[in-house]
Amino acid sequence: MRVLVVGGGIGGLALGAGLRRRGFEVAVFDRDTDVAATGGYHITLDERAQSALREVVAPQIMRRLLASASALRLRDRDAFWDRRGRLLGHGPDLSGDAGVDVDRVTLRVLLAEAVGDDLRLGRTASGVDQDGDGVPRVLFTDAAPASADLVVGADGTHSLVARHLAGGPTNNPAGIIGFSGRTLREDLSPGERQRLGTRSGLAVGPRGAALYVGFLDPVGNVALDAPELRMSVTTGPTYIWGAMFPESAATDSLRGLRDGALQAALVRRFRERGWAEHTLELLARADPHSVAAYRFNAASTRAADLAPWPAGRITALGDAVHATPPTAGMGAGAAIRDAAALLRHLDDVGDGGATPVEAVARFEAGMRRRGGEILTLAMRTVRLVLATDSTLGAAATAATTPLLAAAARLRR
Ligand SMILES: Cc1cc2nc3c(=O)[nH]c(=O)nc-3n(C[C@H](O)[C@H](O)[C@H](O)COP(=O)(O)OP(=O)(O)OC[C@H]3O[C@@H](n4cnc5c(N)ncnc54)[C@H](O)[C@@H]3O)c2cc1C
């Protein structure tokens with residue numbers, strides 16, 4: 001069976017790696033010309049995502065990934081703060097958590113290595129269709145169409161393959177603009193290092209302002225102690241942060257700014273909303289070139305709304321189907337799980353008695369459930385941030401957070 005994959009991000013490469021490993025004829029096309037020259041910060045892979053990854057890549061690739069990953073179990077419990085930096089509470093104990101965080105570049109480079117010369121870079125798909133015999137084809141901006149037994153769209157949030165299948169967009173703006181950056185722990189004052197600790201956390205304030213702080217240390221907190229295999233981009237304790245604001249004309253204007261100008265504007269915006277100066281050190285001391293804006297898009301949280309097309313010989317996976325805001329840290333893991341699930345169903349084609357279309361139908365049913373679950377989780381934080389932007393929500397946030405902070409102090 002010949003499979004063409006449009007998009008060599010995380011899901012497309014995972015699928016390509018698994019197909020190649022199982023002896024399928026496969027080609028993965030991505031418009032990027034260099035897999036390492038890509039955006040992104042850290043990607044969280046929970047136990048289920050890692051187990052799916054083990055199905056698609058060779059054990060040695062998995063070892064290199066874990067030797068480059070930061071283990072959640074070695075982190076302190078997550079924290080919740082108010083805008084003054086006061087502790088409101090903690091997340092669950094992570095000591096038994098098998099999850100890891102890995103640089104997106106490292107994950108993508110390792111997956112691309114597993115796909116080998118079946119990855120075709122610099123190839124932009126311009127559409128998909130089926131010829132008169134129902135054979136699916138991928139059309140390109142600058143090359144002849146390519147035909148296959150199955151075409152899979154792994155082309156992300158703005159997927160043209162899923163749009164073709166659904167007859168329109170499969171997701172919408174979630175109403176939040178995110179701004180991310182990286183700050184080395186050693187660049188913070190001792191007071192902030194102490195407050196933030198070696199853990200991730202979330203601070204929410206009134207009038208729609210939230211700050212996620214992710215702790216990444218693929219050296220000190222490495223998941224697999226094998227320095228000779230390490231290929232992490234992050235080489236020391238680092239906070240990857242994400243500021244979130246409800247979308248508005250004012251946040252739209254921030255999107256036009258870059259580097260230091262964007263960084264300074266973000267600090268000003270938090271300051272105007274009453275955030276304590278010390279909590280803004282994290283933003284002010286970030287690497288200015290790491291600061292970037294992106295819009296959150298989200299598909300429906302209802303599983304039945306996802307992949308709203310009859311199963312056929314063109315399908316899609318990952319963000320193309322269930323675009324998920326990064327607030328649950330599950331989008332990449334779900335794309336990898338989609339890839340592993342599709343492979344398992346394709347194994348049933350032929351000797352297993354299933355036709356390709358039946359295999360796709362079973363795969364899409366599982367993907368709808370998975371997508372609905374992660375979207376429900378991710379949208380909780382999005383709704384919380386949006387709620388603080390209403391008059392009532394702002395008042396409630398301002399009134400309750402000091403009480404929660406006092407209760408947290410008493411508990412300590
Ligand atoms: C640049 C970037 C940075 C990201 N950073 C983070 C992050 O820091 N943290 C996080 O949790 N998530 C991040 N994500 C999202 C996360 O990687 C995805 O949610 C997740 O991996 C889902 O994977 P996917 O394969 O469905 O889509 P993606 O990983 O987004 O991959 C889609 C791929 O399709 C390619 N593509 C799109 N259209 C075409 C076309 N017409 N022709 C050929 N190729 C095409 C794109 O170049 C891209 O490589 C990022 C995504 C991108 C693209």
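Along the sequence shown, the residues carry numbers beginning at 1. Start at 1 and go down the list; that is how both ligands and their atoms are numbered. All heavy atoms count here, side chains included; hydrogens, waters and symmetry mates do not. Fair warning: this is a prediction, and the values are worked out from it, not measured in the lab.
- With hydrogens and angles disregarded, no donor-acceptor distance shorter than 3.5 Å links the side chain of Arg182 to the backbone of Tyr239.
- Looking at residues two or more places apart in sequence or on another chain, you find a salt bridge (Lys or Arg N to Asp or Glu O under 4.0 Å) between Asp46 and Arg48.
- We find that Asp338 and Arg370 are joined by a salt bridge, their nearest charged nitrogen and carboxylate oxygen being less than 4.0 Å apart.
- Between Asp30 and Arg108, at least one side-chain nitrogen of the basic residue sits less than 4.0 Å from a carboxylate oxygen of the acidic one, meeting the salt-bridge criterion.
- Residues of the protein with a heavy atom under 4.0 Å from ligand 1 are Gly7, Gly8, Gly9, Ile10, Gly11, Gly12, Phe29, Asp30, Arg31, Asp32, Thr38, Gly39, Gly40, Tyr41, His42, Ile43, Arg104, Arg108, Arg123, Thr124, Ala125, Ala154, Asp155, Gly156, Leu160, Gly318, Asp319, Gly331, Ala332, Ala335, listed by chain and number.
- Arg285 places a side-chain heavy atom less than 4.5 Å from the side chain of Ser189.
- Looking at Ser253, its side chain does come within 3.5 Å of a backbone N or O of Ala250 through a donor-acceptor pair.
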